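Have a look at the structure below, then the notes.
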Amino acid sequence: MSLCATASREAAEPLAGTAATARTWLLVEQTGPWGAKALTASHLDPALGRALEAAAKGTGVRVALIRRPGRHADRHDATRHRLLLAHTAPGRSWIRTTTVADPQTALGLDFAALGAGEHGDLWEPYTGEPLVLVCTNGKRDRCCALLGRPLAADLAAAGTEVWEVTHIGGHRFAPTLFVLPYGYAYGRTSLSLAADAVAAARSGRIALDHCRGRSTWDRPAQAADLAVRELLGEDRADVLDVVRTDRLLPQHPPPQAPARPQGPAPSPGGSTSPQAPQPPHDTTSRDTAPHDTAVTGEEAPAWTVTVAHSDGRAWRVTVEQRADGAPAPASCGAPLDPPARMAVTAVTATEDSPALSG
């Protein structure tokens with residue numbers, strides 16, 4: 001059976017707008033093997049894994065397990081666990097770290113504050129080299145192990161500050177990696193490309209080649225950010241920010257089924273009125289559309305994303321979710337379906353934006 005990464009590569013599936021979404025990452029060191037759902041299928045206490053998932057839900061924090069590259073025997077004797085917290089918002093990114101004997105300590109964190117970027121001087125600031133996370137969880141998808149583990153080992157041998165991680169989304173783009181503190185993800189990554197991404201992060205920049213997007217934002221905003229960067233040739237990590245994302249309503253909605261008798265509830269005055277459509281919403285931090293699920297026809301979602309530059313310029317970027325690519329599996333063993341992709345259809349400078357300079 002073809003590997004999902006091979007099928008995606010052969011289908012030339014675009015990478016932009018495919019990064020996992022999280023404003024803040026909580027990374028918990030756990031040695032030994034990982035199951036498909038590693039927080040509850042590893043040597044980490046499953047009850048703790050479930051509690052961490054529940055505590056992080058809806059806060060903008062994503063929890064993942066990490067381990068150093070190398071052989072992973074079925075070890076139960078780990079006595080210390082490295083914990084890392086990383087916030088990825090532009091101009092406010094940071095990494096904090098500590099080492100604990102019991103990872104239950106993580107349950108005492110204020111997840112809502114961490115998701116908002118407030119660490120409260122927790123733990124120690126991380127001041128070392130950019131952190132690289134390579135997805136290697138073969139129990140979740142074999143492409144991550146077959147392609148990710150050799151990359152992680154090569155990066156470690158080259159002296160990179162690299163960790164293996166349980167899941168950062170997009171198995172079919174393996175080997176996938178994620179660079180902190182800025183939170184940009186990369187796919188179909190070679191050793192040289194990974195080295196370029198690390199070198200760029202060291203100087204406050206990002207590598208645009210094979211970039212999937214910044215995890216701070218939802219996927220339409222990731223695609224918009226990268227489109228503006230391509231337009232400008234802009235690689236400085238923190239000069240662009242997504243300030244607004246509006247969901248566009250369909251111009252020609254599909255026919256509605258006839259209203260049933262039990263329809264709208266009576267108003268206080270005794271009359272009934274249909275529910276008004278919801279206006280476009282500001283999703284600066286999150287959008288709940290199922291971005292991995294292909295939606296076709298007139299109901300396919302679209303957004304207008306406003307991207308601002310630190311010099312005062314701004315652009316409105318129109319992004320559509322499409323399913324017009326060649327069929328490919330989302331992961332190994334999955335059926336062949338057209339993958340959902342983020343297509344940028346327009347990039348327009350705002351009227352009050354200063355003229356584009358060279």
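Quick caveat, the model's predicted, so the values are computed rather than measured. Counting from 1, the numbers follow the sequence of the chain as shown.
Closest heavy-atom contact between Arg23 and Gly115: NE-O, 2.9 Å. The two residues Glu164 and Ala152 have their closest heavy-atom pair at CG-CB, 4.0 Å. Scanning both residues, Ala5 and Leu147, for their nearest heavy atoms gives CB-CD1, 3.9 Å. Between Thr88 and Ser215, the closest heavy-atom pair is OG1-OG, 3.7 Å.
Val132 is not connected to Leu180 by any chain of hydrophobic side-chain contacts under 4.5 Å among Ile, Leu, Val, Met, Phe, Trp and Tyr, and they are in different clusters. Leu44 and Ile66 fall into different hydrophobic clusters, where Ile, Leu, Val, Met, Phe, Trp and Tyr residues are linked whenever their side-chain heavy atoms come under 4.5 Å apart, directly or through other members. One hydrophobic cluster, built from ILVMFWY side chains closer than 4.5 Å, holds both Leu39 and Leu26. Connection of Leu27 to Val162 is not established within any shared hydrophobic cluster, with ILVMFWY side chains joined at heavy-atom distances below 4.5 Å, either directly or through further cluster members. Tracing side-chain contacts under 4.5 Å through hydrophobic residues (I, L, V, M, F, W, Y), one reaches Val179 starting from Ile206; they form part of the same cluster.
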Residues Val347, Glu230; criterion side-chain contact (heavy atoms from CB on, under 4.5 Å); working and verdict:
CA-CA 11 Å; Val347 181; Glu230 182 178 358; over 6 Å; no
Let me see the working for Leu84 and Trp163 under side-chain contact (heavy atoms from CB on, under 4.5 Å), right down to the final yes or no.
CA-CA 11 Å; Leu84 289 156; Trp163 295 83; 4.2 Å; yes
Test side-chain contact (heavy atoms from CB on, under 4.5 Å) on Asp209 and Asp196; report intermediate values, then the result.
CA-CA 9 Å; Asp209 191 21; Asp196 289 345; over 6 Å; no
Determine, step by step, whether Asp121 and Arg96 satisfy the side-chain contact (heavy atoms from CB on, under 4.5 Å) criterion, reporting the C-alpha distance in whole Å, the side-chain angles of both residues, the deciding distance to 0.1 Å, and the verdict.
CA-CA 9 Å; Asp121 292 328; Arg96 313 287 292 192; 4.2 Å; yes
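Here the straight-line distance linking atom CG of Leu122 with atom OG1 of Thr97 works out to 10.0 Å at 0.5 Å rounding.
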Side-chain donor/acceptor pairs under 3.5 Å, residues 102-111, sequence neighbours excluded:
residue: Asp102; atom: OD1; partner: Gln104; partner atom: N; Å: 2.9
residue: Thr105; atom: OG1; partner: Asp102; partner atom: O; Å: 2.9
residue: Asp110; atom: OD1; partner: Ala112; partner atom: N; Å: 3.4
residue: Asp110; atom: OD1; partner: Ala113; partner atom: N; Å: 3.1

Show which side-chain atoms of residues 53-60 pair as donor or acceptor with protein atoms under 3.5 Å away, not counting sequence neighbours.
residue: Thr59; atom: OG1; partner: Ala56; partner atom: O; Å: 2.6
residue: Thr59; atom: OG1; partner: Val61; partner atom: N; Å: 3.2

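Among residue pairs with one or both ends in residues 180-208, none qualify as ring-ring contact (aromatic ring centres under 6.0 Å, His included); sequence neighbours excluded.
Residues that satisfy the side chain to side chain contact (heavy atoms under 4.5 Å, CB included) test with Asp241, not counting sequence neighbours, are Pro90, Trp217. Contacts of Arg236 classified as side chain to side chain contact (heavy atoms under 4.5 Å, CB included), with partners at least two apart in sequence or in another chain: Arg205, Glu234, Val239, His309. Partners of His210 under the ring pair (Phe, Tyr, Trp, His ring centres under 6.0 Å) rule, at least two apart in sequence or in another chain, do not exist in this structure. Applying the salt bridge (Lys or Arg N to Asp or Glu O under 4.0 Å) rule to Arg229 yields the partners Asp225; only residues at least two apart in sequence or on another chain are considered. Under the rule for a ring pair (Phe, Tyr, Trp, His ring centres under 6.0 Å), the partners of Phe178 that lie at least two apart in sequence or sit in another chain are Trp25. For the salt bridge (Lys or Arg N to Asp or Glu O under 4.0 Å) test, residues two or more places apart in sequence or in another chain that qualify with Glu161 are Arg68. For Arg202, the side chain to side chain contact (heavy atoms under 4.5 Å, CB included) partners two or more places apart in sequence, or in a different chain, are Glu129, Pro130, Val198, Ala199. Residues that satisfy the side chain to side chain contact (heavy atoms under 4.5 Å, CB included) test with His167, not counting sequence neighbours, are Arg62, Arg140, His171.
Just one residue in the list Ile168, Thr166, Val165 forms a side-chain contact (heavy atoms from CB on, under 4.5 Å) with Asn137, and that residue is Thr166. For the side-chain hydrogen bond (donor to acceptor under 3.5 Å, both in side chains) with Thr18, the lone residue among Arg172, Arg212, Glu13 that qualifies is Arg212. The side-chain contact (heavy atoms from CB on, under 4.5 Å) with Thr24 is formed by just one residue from the set His119, Glu118, His87; it is His87.
Remark: the backbone N or O of Thr304 is not paired with any side-chain donor or acceptor of Arg316 at under 3.5 angstrom.
Side-chain heavy-atom separations under 4.5 angstrom define the hydrophobic clusters, and the remaining members of the one that includes Leu15 are Phe173.
There is no side-chain donor-acceptor pair under 3.5 Å between Thr136 and Arg149. Residues Thr21 and Arg219 have side chains that never bring a donor and an acceptor to within less than 3.5 angstrom of each other.
More than 12 heavy atoms of other residues, nucleotides or ligands lie within 6.0 Å of CZ in Arg82, so this atom counts as buried by the packing criterion.
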